[in-house]
Amino acid sequence: MKFDTPAGQNPIDQLKHVGKPIDRIDGKYKTTGTAPYAYERHDVVANPAYGYVVGAAVAKGRISRIDLAAAKAAPGVLTIVTAESAGPLGKGNFNTAKLLGGPEIDHYHQAVALVVAETFEQARAAAALIVIDYARTAGRFDLEKELKDAPLYSEKGKPPVTKIGDFDAAFGSAPVKLDATYTTPDHSHAMMEPHATTAKWDGDKVTLYTSNQMIAWSKGDVAKTLGIPKDNVRLVSPYVGGGFGGKLFIRADVILAALGAKAAGRPVKVTLTRPMMINNTTHRPATIQRIRIGASADGKITAIAHESGSGDLPGGGPETAVSQTRLLYAGANRLTSMRLAVLDLPEGNAMRAPGEAPGLMALEIAMDEMAEKLGMDPIAFRVANDTQVDPEKPERRFSQRQLVQCLEQGAERFGWKQRSAKPAQRRDGQWLVGMGVAAGFRNSMAMKSAARVALDKKGIVTVSTDMTDIGTGTYTIIAQTAAEMMGVDVAKVVVQLGDSDHPVSAGSGGQWGANNATAGVYAACVKLREAIAQKLGFNSADVTFADGKVRSGNRSVALTEAAGDAGLVAEDAIEYGTLSKTYQQSTFAGHFVEAAVHSLTGEVRIRRMLAVCAAGRILNPKSARSQVIGAMTMGAGAALMEELAVDTRFGFFVNHDLAGYEVPVHADIPHQDVIFLDEVDPTSSPMKAKGVGELGLCGVGAAIANAIYNASGVRVRDYPVTLDKHIAHLPPVA
Amino acid sequence: MDIKSETEVSRRGVLVGGAMTAGLAAIPAAAAPVAAQQERPMTMPVTLTVNGKKQTLEVDTRTTLLDTLREHLHLTGTKKGCDHGQCGACTVIVDGKRINSCLSLAVMHQGDKITTIEGLGTPDHLHPMQAAFVKHDGYQCGYCTPGQICSAVAVLAEIKAGTPSHVTASLTDAPRATNAEMRERMSGNICRCGAYSNILDAMSEVAGTNA
């Protein structure tokens, strides 16, 4: 189905199932521990051997000697895979660094060997007996230092600097201006399920039970890496224990499980250990961002520039932290650019809301600082600089843009009036209390997505697609979509996800999953409805599907009967025209935070959080709300604690486990409120939905930082806002 | 200043050295014969009662309770999130008390009664805490969920039994199932999806208090 004109009235608008806050259909499996994850496939793979990964002990250099003798002789060892034994391997389209290193080493903890043994304990013990000598070479590990000579980055075919008007002149003559630099550190996805794969070969075909967000991309990358045809690769990933971008692409576990199983001649399962995950896999790159804003005395932005620098391995890409600044606020004179330094740290890559997450952490502090310079309320300043069109291309309107409503309704609901414009004024016992606000912004992306829908003689509708549910609620919203389209109860819908044998979906990433995957199911259901109508001799233009029956005029046939013994199947994809170019399709939020800073210790506590979101039709308010509060929690981590510490001498992330890399826990997070504004976006898809999974993260870190400033009067521009950065400057204790 | 920086370098040196010990030569020659002599892993019999069912196993003495459950008994509801006591995904209830099953060897549990997530309820007969998690959407990806639920059940029992926590104001009065008490006691169970606010709602419902 080609979607190239805005959606009119369609069966989804009935909202009998779509838009209802129903419980997740997979909930009873997840809460009873019966949902199978990648390392737990006793149901389909009997007696697998265990693989244990050995990571490189240097960041850059070469293996000069590798001695496997003791490990090979150790009890239970079946085989050992190294780059030498594996032979030439390709590199996936989505990988920057090779997944199996040696003899050249590209980054610390790059996999260099897999020991396969009868038991986990034997594999682990034998792995410790492998002896590797490295010739270590110098590497580049210090972002600030490497950025000094780093070139500007340009996407192919595009200029490296985006310029509208004359920024320098407008900024130079602006009566009120800000020029500030902000830093965000490297972040780790730290999903709860470590990367894991169970591999099983049948002749020259391999089946990989794995934990992956993007099945079709990854199937292609497995084939490319192993040098085998795509048709010989099957990926199965029905449950994914968190991804956040860290499982968009295949990692070492996938390739090593496949190679290990081949070498051992039996199924092998491999998981990365927690301490290996952070340096072996990818992370969100650190940024250094300079923001300049010039405004007239009445608070209209006349000049805005955002320049960001980040680093990655050779051949990698930048953290696109300036993207939102091209679209979020008005202003006639604009400039953005990015610099990309080469670093020999582990691979930088996408983590939840890449670009916007760190970009808004900086931009939305800058907006707060600018409002203060102007003597304006930070909400009023943002409202004064709202735009309903793409500021770089004014002929291009936003399809929907309710940022002002998000901010104003949020202010009302949160009690923003209680905020003191002057910081460090409100005390509660020994605590200084403040409020902060920030805008949230993230684009909605259109991606082709396919599904197959079958109807059987029992009236069961089965949806199959390679789409994944990474905790986002995909199973449930797909069931709701199919129920709405086919006129059956959600209980009559079976949803099968995460299998590369199913039609190719949009996958889970970039908050594009919900809208596109359900739109693909919509397309397949339209085709199935036509097949049913045709079989019954109904005019497909005037049929209705409701209560398990299909009706046309005064004729009515039960779906069970329509299906017949053979059943009916239809497959289709949603494909997009140019609406996403004609309109700028984005999602918006207003984030509100109340924070307390202890006047003696500098400890920060978040007291209240509210997000008001405008993100198209909300397909399931319960699971969508969870996406938003989860993202707000991740934003709290980014604001207050998350930071990969770089050892700039040896080139690795020092705090590579969950004790060293702190993420929020129960005690850090208060009750969180989320409001979804009424919105349908007919330009987005037949579902009229967009995404919320990343929107909830975008801006919330700055709202927290702004609340801390409002509480303490100390502005911290280097995340995370830990107490050591403000304690010396806190107001004097009486 | 000098002393401090020397200490720093030497501490870091040890750390990096630790990661690189595999790179030091001369170990293999000594290690190989030892490994070869040890043809079989050291095993021991152990009898556990898991979810009411007596299980006798011969386990490698290095095998954790977590891996015994997951790899030997195929009770994979108990999750491995870190394998070293930092995340709580492997929480099970042993003789009425919650523990991180990854920090405990199977052979240390001779005769113990172990309750895993599978022992609390089944998809068709959910435990009240499991049902409350579903109702309040107290999970997303589902991987930390069994540990959260086992912890939640045990936390309410701890509060009922009068066990104080770090945030309990009085050691003489019985603690109550307040938000602060529950959040403090649940903080060993990490949920990276960030379902904390909903988990508290689920626990509050089961505890009979308002969130």
Side-chain angles (χ1 to χ4, degrees), chain A residues 23-24 27-37 40 42 57 67 69-70 73-76 119-122 128-134 190-194 239-242 273-274 470-472 622-623 626 629-634 647 650 657-659 663-667 669 671-672, chain B residues 12 16 19-20 22-23 25 27-28 31-32 35-36 38-41 60 62-63 67 70-71 74 76-78 81-84 86-87 89 116-118 121-123 126 130 133-135 137 139-146 149 183-184 186-187 189-198 211:
Chain A
D23 294 343
R24 292 176 198 239
K28 60 183 178 179
Y29 306 115
K30 285 179 173 171
T31 55
T32 54
T34 50
Y37 295 80
E40 306 168 351
H42 300 296
D67 184 347
T119 71
F120 175 72
E121 293 78 14
Q122 290 170 332
L129 300 175
I130 293 181
V131 180
I132 305 175
D133 291 339
Y134 297 93
M191 70 295 277
M192 296 314 297
E193 181 204 22
Y239 290 97
V240 180
T273 61
R274 178 61 64 178
I470 62 172
T472 38
K622 184 180 277 194
S623 54
S626 288
I629 66 167
M632 290 156 74
T633 301
M634 193 172 271
D647 185 317
F650 293 104
D657 61 26
L658 289 171
V663 300
V665 299
H666 280 273
I669 302 299
H671 179 77
Q672 295 163 318
Chain B
R12 288 290 192 79
V16 172
M20 291 180 68
I27 291 170
Q38 196 185 354
E39 285 172 2
R40 282 185 175 177
D60 189 316
R62 298 167 294 184
T63 304
D67 281 336
R70 285 170 61 83
E71 306 301 332
H74 294 186
T76 53
T78 307
C82 73
D83 214 13
H84 55 188
Q86 296 175 345
C87 80
T116 71
I117 191 72
E118 292 93 342
T122 63
L126 297 176
Q130 292 169 322
F133 268 61
V134 173
K135 179 180 166 188
D137 216 38
Y139 57 89
Q140 290 184 37
C141 80
Y143 200 77
C144 76
T145 311
I149 291 172
R183 288 200 173 104
E184 167 64 21
M186 290 296 291
S187 285
N189 288 83
I190 296 175
C191 170
R192 184 57 160 162
C193 295
Y196 298 131
S197 185
N198 290 353

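Within every chain, numbering begins at 1; the chains are lettered A, B, ... in the order of the sequence lines, protein sequences first and strands thereafter. In what follows, every heavy atom counts, from backbone to side chain, and hydrogens, waters and symmetry copies are set aside.
Interface remark: B:T63 contributes backbone and side-chain atoms alike to the contact with chain A (heavy atom separation under 4.5 Å). Heavy atoms of B:N198 lying under 4.5 Å from chain A belong to its backbone as well as its side chain. When heavy atoms are compared at a cutoff of 4.5 Å, A:A35 approaches chain B solely by way of its backbone atoms N, CA, C and O. Using a 4.5 Å cut-off between heavy atoms, A:I470 contacts chain B through its backbone alone, with no side-chain atom that close. Proximity to chain A (any heavy atom under 4.5 Å) is shown, for B:I190, by both the backbone and the side chain. If you measure heavy-atom distances from A:T273 to chain B, you find no contacts under 4.5 Å at all. With a 4.5 Å cut-off on non-hydrogen atoms, A:Y239 does not touch chain B at all. Interface remark: A:M191 contributes backbone atoms only to the contact with chain B (heavy atom separation under 4.5 Å).
Side-chain contact between B:V134 and B:Y139: present, with at least one pair of heavy atoms (C-beta onward) separated by less than 4.5 Å.
Annotation: the span from B:D67 atom CG to B:D83 atom CG amounts to 6.0 Å, rounded to 0.5 Å. A distance of 15.0 Å separates CD in A:E193 from CZ in B:R192, rounded to the nearest 0.5 Å. One distance of note links CD of A:Q672 with OG1 of A:T633; it measures 4.0 Å at 0.5 Å rounding.
Among residues two or more places apart in sequence or in another chain, the side chain to side chain donor-acceptor pair (under 3.5 Å) test is passed with B:Q140 by A:Q627.
A:D23 has no carboxylate O lying under 4.0 Å from a charged side-chain N of B:K135, or vice versa, which leaves the two without a salt bridge. A salt bridge is defined here as a Lys NZ or Arg NE, NH1 or NH2 lying under 4.0 Å from an Asp or Glu carboxylate O, and A:R24 with B:D137 meets this definition.
Note: B:G81 leads B:C191, B:P146, B:G81, B:G121 in heavy-atom pairs under 4.5 Å with chain A. In terms of heavy-atom pairs under 4.5 angstrom with chain A, the leader among B:G194, B:C141, B:S197 is B:C141. Comparing B:S187, B:G77, B:G142 by how many heavy-atom pairs each has under 4.5 Å with chain A, the most go to B:S187. Note: A:G630 leads A:A631, A:P36, A:S623, A:G630 in heavy-atom pairs under 4.5 Å with chain B.
Ring geometry, B:Y143 versus A:Y37: the interplanar angle exceeds 60°, so the pair is classed perpendicular (tilted spans 30 to 60°).
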